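Worksheet: the structure to be examined is printed underneath.
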Amino acid sequence: MFNEQVLGWMDEAERQIEGKLKEIDRVIDRNQWKVIRAFQKHKVSDYHFAGSTGYGYNDRGREVLDLVYADIFGAESALVRPHFVSGTHTIGTALFGVLRPGDEPLMITGRPYDTLHKVIGKPGDGNGSLQDWGIGYGEVALLEDGSPDYAEIGRRITPRTKVIGIQRSRGYSWRPSFTVAQIAEMVRFVKEVNPELIVFVDNCYGEFTELTEPTQVGVDLMAGSLIKNPGGGLAASGGYIAGKSEYVNKAAYRLTAPGIGGEVGAMLGTTRSIFQGLFLAPHLVGQAVKGSVFAASVFESLGFTTHPRWNDPRTDLIQAIQFTGAEHLIAFVQGIQQAAAVDAHVVPEPWDMPGYEHPVIMAAGTFIQGGSLELSADAPIREPYIAYMQGGLTYSHCKMGVLTALQNMLDRGF
């Protein structure tokens, strides 16, 4: 399957990262215990997995699921539903829930992920975006070292500013993802400027990579996707919103309707897989983080620029690798696809995906469509030609993906 040269690179990387993998195991253990304690506290039982239909009134499984999520994330309340179709939908629901015409969200971690641009929109665009509803928008670019520009943030907060937005993960940016400790410092700063500001975090890709979550360090509202970390590879769809009850309730009114909120919503047989996926999530997230560390070690040893480097602190799943041209990048992503258990025979090509501003190539041989806790990789076809690898339900699969991508590049003469 792999030539001796590629296998040698694997052995060298595993010797280098042995200590780092043990650190990740310790995080896995403590997060796993935290999740199990929450299940035990709320007496999760078999009858909680029963499905509901119609309005879903008195769905005790749904209610306990919300309580378990809130407990794990150290939040007052949570809204966990299969009805969220993506992370972007979940984030949009949270923002529309707490913002009103005349308000302004201020993103303090630079330009957000591409798919959120349409949610922000433009004044009068007719799409029902935030700006179409008279909600302003502001953002503060990060400093050259990737840290928040606190002086500029202080200047940009005005009486219209209602929400401070933080994107934990790097998205399609060559910058560090933010640790929970760094997010805590952002919260401290903006609350000193105005304690009434609502601090919102896009937590996608970050759950269970550290021992604490943003809502445990003062964040008021947080959102994420169940087909990423917390779904544990089993949740077929959905998202969560967690934080202060006042804000979670407002988001629930946006998801359904005012006066209804989170009191209804048939789970349609999804409750068991969402619970079980959450149970598995700490371990599977750890497997994916190990895979990212392995990828960074291998590619660094071959002279590629990676971000983060193999021994840097980890706060999300994503491993960015910079290539020298579009053909190299495409060969890498196609190699990741070749290692998939599903659709390995499919050859991904760049295409104009909805919500993205450049052609994007995606490797996603996954059991759950778009499930980026599973081994996947994607990249916008634009300079400086960076591929973003994430996920892997098992460390072995992560290694196979990296090695297959390398072998594919070698076979093509790269």
Side-chain angles (χ1 to χ4, degrees), residues 32 35-73 75 77-94 203-204 207-208 222-242 248-249 251-257 259-285 288 340-343 364-374 376 391 393-394:
Q32 182 72 82
V35 168
I36 292 172
R37 284 196 297 268
F39 276 53
Q40 293 170 343
K41 174 181 175 181
H42 296 285
K43 298 180 173 62
V44 174
S45 299
D46 182 72
Y47 74 85
H48 288 132
F49 306 148
S52 57
T53 60
Y55 298 132
Y57 286 137
N58 303 312
D59 184 328
R60 188 55 184 158
R62 184 191 64 219
E63 294 168 355
V64 169
L65 183 63
D66 288 347
L67 292 172
V68 168
Y69 258 80
D71 200 286
I72 291 168
F73 290 154
S77 183
L79 179 74
V80 188
R81 297 293 183 274
H83 312 100
F84 291 114
V85 302
S86 67
T88 301
H89 179 205
T90 313
I91 293 164
T93 300
N203 203 35
C204 288
E207 300 90 352
F208 301 121
M222 179 173 80
S225 170
L226 297 191
I227 62 171
K228 295 183 174 69
N229 301 22
L234 290 183
S237 182
Y240 73 87
I241 295 172
V248 173
N249 288 338
Y253 292 148
R254 176 70 187 190
L255 175 63
T256 57
I260 296 177
E263 298 298 318
V264 301
M267 298 296 281
L268 303 174
T270 64
T271 312
R272 183 189 301 272
S273 61
I274 295 175
F275 267 115
Q276 191 172 10
L278 177 62
F279 166 75
L280 293 170
H283 177 73
L284 297 183
V285 168
V342 179
D343 286 331
T366 56
F367 291 92
I368 303 297
Q369 187 181 95
S372 45
L373 180 58
E374 300 184 55
S376 51
L393 297 180
T394 70

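Hydrogens, waters and symmetry mates are skipped; everything else that's a heavy atom, side chains included, is used. Just so it is clear, the model here is predicted, and its values are computed rather than measured.
Residues satisfying the side chain to side chain donor-acceptor pair (under 3.5 Å) test with R60, not counting sequence neighbours, are E63. The salt bridge (charged side-chain N to carboxylate O under 4.0 Å, His left out) check on D66 picks up R81, with sequence neighbours excluded. T271 is linked by a side-chain contact (heavy atoms from CB on, under 4.5 Å) to M267, F275, counting only residues two or more places apart in sequence or in another chain. For Y55, the ring-ring contact (aromatic ring centres under 6.0 Å, His included) partners two or more places apart in sequence, or in a different chain, are Y57. Under the side-chain contact (heavy atoms from CB on, under 4.5 Å) criterion, L268 pairs with A266, sequence neighbours left out. Residues satisfying the side chain to side chain donor-acceptor pair (under 3.5 Å) criterion with R62, sequence neighbours excluded, are absent altogether. Annotation: side chain to side chain donor-acceptor pair (under 3.5 Å) contacts of T90 (sequence neighbours excluded): none. Residues forming a side chain to side chain donor-acceptor pair (under 3.5 Å) with S376 (at least two apart in sequence, or on another chain): Q390.
One finds the CD atom of Q276 at 8.0 Å from the OG atom of S273 (value rounded to the nearest 0.5 Å). Here NZ of K228 is found 15.5 Å from CZ of F208. Values are rounded to the nearest 0.5 Å. Atoms CG and CG, on L278 and L65 in that order, are 7.5 Å from each other to the nearest 0.5 Å.
The environment of CD in Q32 is crowded: more than 12 heavy-atom neighbours from other residues, nucleotides or ligands sit within 6.0 Å.
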Considering only distance and modelled atom types, tabulate donor-acceptor pairs under 3.5 Å from the side chains of residues 229-241, sequence neighbours left out.
residue : atom : partner : partner atom : Å
N229    : ND2  : Y205    : O            : 3.0
N229    : ND2  : E207    : O            : 2.9
S237    : OG   : P82     : O            : 3.3
S237    : OG   : F84     : O            : 3.4
Y240    : OH   : N203    : ND2          : 3.1
Y240    : OH   : E207    : OE2          : 2.5

Per-pair distances, 0.1 Å, donor-acceptor, side chain in residues 364-374, under 3.5 Å, sequence neighbours excluded:
residue : atom : partner : partner atom : Å
T366    : OG1  : I368    : O            : 2.7
E374    : OE1  : F367    : N            : 2.8
E374    : OE2  : F367    : N            : 3.3
E374    : OE2  : I368    : N            : 3.0

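Identified under the salt bridge (Lys or Arg N to Asp or Glu O under 4.0 Å) test for residues 84-94, with sequence neighbours left out: none. Every pair passing salt bridge (Lys or Arg N to Asp or Glu O under 4.0 Å) that includes a residue from residues 39-50 is listed here, sequence neighbours excluded: K41-D71, D46-R272.
L284 and L393 get closest at one heavy-atom pair: CD2-O, 3.2 Å. When all heavy atoms of G262 and A252 are compared, the closest pair comes out as N-CB, 3.5 Å. Looking at every heavy atom in both residues, C204 comes nearest to G87 through SG-CA, 4.4 Å.
Remark: the backbone N or O of S45 is paired with a side-chain donor or acceptor of H48 at under 3.5 angstrom.
Counting heavy atoms from C-beta on, the side chains of V44 and F49 come closer than 4.5 Å.
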